[in-house]
S.K.: 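Got a structure for you, written out below as structure tokens; questions coming shortly.
Position 1 is the first residue of the sequence; numbering continues from there. Any value given below was found using the heavy atoms of this structure, including those in side chains, with hydrogens, waters and symmetry copies removed.
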Amino acid sequence: QLGVKKGDFVASMLRNEHVLVETVFACARIGAIVAPLNVRLIAGEVAEYVADHGCRVAISDGDFTDRFADMGVALKIAFASGAIEGWHDYETLIASGNDAPLPAVTSLDDPYRLVMTGGTTGKSKGVLHSQGGSVITVLADIAEYGIGRGWQTLTILPGYHVAGMEWGMFTIFARAGTVVFPASASFDPDRYLAETRKRKIEYLPLVPAVVNPLYDAWTGSRCSVRRR
């Protein structure tokens, strides 16, 4: 509808929210390549990365649109509560779309994601991931972790990171499960444990930085029931 086509790089700066999921799958469907950006990057870092990789589209949470100021991006889309000058409104675009099926234009060999490296030996670079590569990774994760059909996860891993996408979301989607995003952008171990118990979450991909506060907050009572 807006001219985004196969091979275009789409920079995204989004929190863990439905827009991130929709953006990744929409890009994969039409053959565009999503370039998820760390939400902690400052404007100068965003400008350099977007320019280096020729991103012609930007999709951003309304809180981060200022980081794309004065950039040569052809198309800018914002997920925000109100209008932002120079940006298309995400939900308005969704509402104006149609339900006609899109033709298949990609194969498993096609790239769909440009992942930022850590930048420990220089500035961050982009690494292309193919659709087929992610399919194999997700299937391997499902087999390794024994993820059951219809499982749920309460994900706090950042969605702009490979682990956040593949461990935190794709593995559950592939098993027709439910991905729950916490309402708060900040991590609260007590609320996290309470939500886990309430929803009877089966799968929690975690890292040491959150395991320790969860352990401190844990009362010893069972958090979940594993289902098959």
Side-chain angles (χ1 to χ4, degrees), residues 1-106 110-116 124 126-129 131 134 155 157-162 164-165 168-170 173 179-185:
Q1 183 179 341
L2 295 175
V4 184
K5 61 186 184 302
K6 185 175 183 178
D8 285 342
F9 284 92
V10 179
S12 68
M13 184 171 274
L14 300 162
R15 295 189 176 94
N16 283 11
E17 52 200 355
H18 68 90
V19 181
L20 173 62
V21 178
E22 293 165 356
T23 297
V24 172
F25 281 98
C27 286
R29 179 66 180 178
I30 66 173
I33 302 163
V34 64
L37 299 172
N38 189 323
V39 298
R40 293 179 176 84
L41 295 180
I42 61 175
E45 294 169 323
V46 173
E48 185 175 37
Y49 191 80
V50 167
D52 284 351
H53 297 94
C55 299
R56 64 175 299 270
V57 183
I59 300 179
S60 174
D61 185 282
D63 291 339
F64 309 136
T65 54
D66 60 322
R67 319 233 184 129
F68 292 89
D70 302 321
M71 289 189 198
V73 178
L75 174 64
K76 296 188 288 188
I77 302 170
F79 176 61
S81 57
I84 299 177
E85 186 177 355
W87 290 74
H88 293 272
D89 179 69
Y90 180 89
E91 295 293 357
T92 300
L93 290 176
I94 293 292
S96 66
N98 60 65
D99 296 329
L102 295 171
V105 297
T106 61
D110 285 321
Y112 80 102
R113 179 175 62 190
L114 184 74
V115 179
M116 297 186 74
S124 183
V127 178
L128 280 175
H129 286 191
Q131 298 199 23
S134 283
T155 185
L157 298 177
Y160 55 77
H161 194 279
V162 173
M165 278 195 195
M169 293 187 284
F170 291 177
F173 291 148
V179 174
V180 180
F181 296 134
S184 174

S.K.: Output, in order, the C-alpha distance, side-chain angles, deciding distance and verdict of side-chain contact (heavy atoms from CB on, under 4.5 Å) for R15 and F79.
M.R.: CA-CA 10 Å; R15 295 189 176 94; F79 176 61; over 6 Å; no
S.K.: Around atom NE2 of H161, are there more than 12 heavy atoms of other residues, nucleotides or ligands at under 6.0 Å?
M.R.: no
S.K.: Between CG of L75 and CG of L93, what distance do you get to the nearest 0.5 Å?
M.R.: 8.0 Å
S.K.: CG of L20 to CE of M165: how many Å apart, nearest 0.5 Å?
M.R.: 5.0 Å
S.K.: Under the side-chain hydrogen bond (donor to acceptor under 3.5 Å, both in side chains) rule, what do Y112 and S134 come out as? Steps first, then yes or no, please.
M.R.: CA-CA 9 Å; Y112 80 102; S134 283; 2.5 Å; yes
S.K.: For the OG1 atom of T106 and the CD atom of Q131, what is their distance to the nearest 0.5 Å?
M.R.: 4.0 Å
S.K.: Hey, could you give me the OH/CD1 distance between Y90 and I77, rounded to the nearest 0.5 Å?
M.R.: 8.5 Å
S.K.: Say whether, by atom type as modelled, one donor and one acceptor occur between the side chain of E45 and the main chain of I42 under 3.5 angstrom.
M.R.: yes
S.K.: For the pair M71 and C55, evaluate side-chain contact (heavy atoms from CB on, under 4.5 Å) and give the outcome as yes or no after the intermediate values.
M.R.: CA-CA 10 Å; M71 289 189 198; C55 299; over 6 Å; no
S.K.: Any side-chain heavy atom of V162 sitting closer than 4.5 Å to one from H129?
M.R.: yes
S.K.: Drop me the distance from C27's SG to K6's NZ, to the nearest 0.5 angstrom.
M.R.: 13.5 Å
S.K.: Is any side-chain heavy atom of L37 less than 4.5 Å from a side-chain heavy atom of F68?
M.R.: yes
S.K.: Which heavy atom in A78 sits nearest to a heavy atom in T65, and how many Å separate them?
M.R.: CB-CG2, 3.9 Å
S.K.: Looking only at heavy atoms, which two atoms of G86 and K76 are closest? And how far apart?
M.R.: O-CE, 3.7 Å
S.K.: If you take all heavy atoms of V179 and F173, which pair is closest and at what distance?
M.R.: CG2-CE2, 3.5 Å
S.K.: If I compare all heavy atoms of V39 with all of F64, which pair ends up nearest, and what's the gap?
M.R.: CG1-CE1, 3.7 Å
S.K.: Any side-chain to backbone donor/acceptor pair from N16 onto P182? Under 3.5 Å, distance only.
M.R.: no
S.K.: When you compare the side chain of F9 with that of L114, does any pair of heavy atoms fall below 4.5 Å?
M.R.: yes
S.K.: Could you check E17 against D61 for side-chain contact (heavy atoms from CB on, under 4.5 Å), going step by step and ending with a plain yes or no?
M.R.: CA-CA 10 Å; E17 52 200 355; D61 185 282; 3.2 Å; yes
S.K.: Which value, rounded to the nearest 0.5 Å, describes the distance between R113 atom CZ and L128 atom CG?
M.R.: 10.5 Å
S.K.: Does L41 offer a backbone N or O that forms a donor-acceptor pair with the side chain of R67 under 3.5 Å?
M.R.: yes
S.K.: Let's go through V24 and M169 carefully: what are the C-alpha distance in whole Å and the side-chain angles of both, what is the deciding distance for side-chain contact (heavy atoms from CB on, under 4.5 Å) to 0.1 Å, and is it a yes or a no?
M.R.: CA-CA 11 Å; V24 172; M169 293 187 284; over 6 Å; no
S.K.: Which heavy atom of V21 sits nearest to which heavy atom of F181, and what is that distance?
M.R.: CG2-CZ, 4.0 Å
S.K.: Please give me the minimum heavy-atom distance between D110 and V105, naming the atom from each residue.
M.R.: OD2-O, 4.1 Å
S.K.: Side chains of H53 and I33: does their closest heavy-atom pair fall under 4.5 Å?
M.R.: no
